[in-house]
Number of protein chains: 2
Amino acid sequence: MGRIVDERRHAERREAILHEAYRQFAVAGYDRTSTASICRGAGISSGTFFHYFPAKLDVLVGILSAGLQQTRQALSRIETHSIGLPAVLAYAGGVQAEMSDPHFGGFVHAVAGVELLPEVATVLEDEASLIRAFLVRHLSDASARSEIRGDASPVHLAMWTQWLLDGAAQHATGTTSPSAEDDVVAAVRALLSPP
Amino acid sequence: MGRIVDERRHAERREAILHEAYRQFAVAGYDRTSTASICRGAGISSGTFFHYFPAKLDVLVGILSAGLQQTRQALSRIETHSIGLPAVLAYAGGVQAEMSDPHFGGFVHAVAGVELLPEVATVLEDEASLIRAFLVRHLSDASARSEIRGDASPVHLAMWTQWLLDGAAQHATGTTSPSAEDDVVAAVRALLSPP
DNA sequence: TTCGCTCTAGAGCGGCTACTCTAGCAAAAT
DNA sequence: ATTTTGCTAGAGTAGCCGCTCTAGAGCGAA
């Protein structure tokens, strides 16, 4: 009996669907993107689409889960060579780098529109709390060694940093102007720098 | 000939539809809210709904236009008694106050999901540039009198402030904890305070 | 009253959507 | 060679959606 025919091909197809869906969600939003349109863009039939994903929502969840895993890796990679303020700024730099993707801003908006669906909310909360823990950990460290302002608690500063980064992500346009390359990092530094 | 039968009643009905739509958009998002559901919630028929608004999208635009006008009034009211940093912080306080509305955060998400529809984008850009101009004006003033940090241009600081406020708005939950009352103001103050 | 108009209700409709079903093909296992 | 199974295509379907249409009630003007 023919079990898993070609694992490589399977993974590639799956990823192709995810990628095309990402693009279209970013351009038109989740609800306004039809499964038929994703199929057209990916050059497959609806039969194939629903063979790889049981429902449209699972495609979005798949994209977000991949993003979560990527974030996890990025944070642990940062922690192998940085702690305290440099670690926080390194993460901010990573967000800034993501923003140069021309579809990033659109996708952020698309996700915001369906953030209250439980399956979406779960993944996003996981990612948010992961980042939050990272920030609190390193801001506490930074505070202890007086790298940052001491007139606000690390928990507050972590929250404010997340606000700033989320707001910046929402405004991402994908235009990589040379001076804007470190705007986000500069903003975070300004927010955290001691008075 | 019977022209406008009852202007009061007309305005009240219209506002009732807007209010119910605002509530439902905040809870379920724009695309996932049906006109039938709005009608049910407002206690009217679809005939009435489409008598007051030519299309569903016009309800959203109506809500956003009302918000734009409200923002305009708020900003000019602030400018009658404040300039410079106090004016900026007064605006931040206004945003913080808005966030106590239990539906505010949900509505922000709902709008983000359809921000790329041209009619929506127009209103939002109008509001964003209005706020931007206000911030640049008063941050320039504040910078001149050394109320704020001088290591970043007023234009940059205005952008960062908008990022911060937008990010905060996105995280609004409607819970009015006493200590969170001035968190947004504190964050803006931290961002702008001289190093 | 009798027009003329606004406002309201609600049945109805065309169109689109997510998803299903069936049939066939390719290839691995027997 | 035959069977089994993964994979793919694409027609088909039930249901929902935004919106229209019609009929009439309410009200002001002549």
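Proteins get letters first, then strands, A, B, ... in listed order; numbering begins at 1 in each.
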For A:F49 and C:dC21, give me the distance from atom CZ to atom P, rounded to whole Å.
17 Å
For A:A42, does its backbone N or O pair with a side-chain atom of A:E20 as donor and acceptor, under 3.5 Å?
no
Are A:Y52 and A:H10 close enough that their ring centres sit under 6.0 Å apart?
yes
Base of D:dA9 paired with side chain of A:S46 (donor-acceptor, under 3.5 Å)
no
Starting from P on D:dG6, measure out to CZ on A:R14 and report it in whole angstrom.
17 Å
Closest listed nucleotide, where the reference is the side chain of A:T48 and the choices are D:dG18, D:dT8, C:dT8
D:dT8
Counting only side-chain nitrogens and oxygens, does B:H10 get under 4.0 Å of the OP1 or OP2 atom of C:dC7?
yes
Quick one: A:F50 CZ to C:dC21 P, roughly how many Å, whole number?
13 Å
Checking side-chain polar atoms at under 3.5 Å, does B:Q24 have a donor or acceptor matched by the opposite partner on B:T33?
no
With a 4.5 Å limit on heavy-atom distance, are the side chains of A:D58 and A:E119 in contact?
yes
Is B:R9 near enough to C:dT6 that one of its side-chain N or O atoms lies under 4.0 angstrom from OP1 or OP2?
no
Between A:Y52 and D:dT8, does any side-chain N or O lie under 4.0 Å from OP1 or OP2?
yes
Nearest to the side chain of B:H51, which nucleotide is it out of C:dC19, C:dT8, D:dT8?
C:dT8
Nucleic acid contacts of residues 18-45 of chain B, taken as heavy-atom distances under 4.0 Å to DNA chain C
B:I44, B:S45
Is the ring pair A:W160/A:H156 parallel, tilted or perpendicular, if the boundaries are 30 and 60 degrees?
perpendicular
Using whole Å, report how far CZ of A:R13 lies from P of D:dG6.
17 Å
Under the salt bridge (charged side-chain N to carboxylate O under 4.0 Å, His left out) test, residues paired with A:E98 that sit two or more places apart:
none
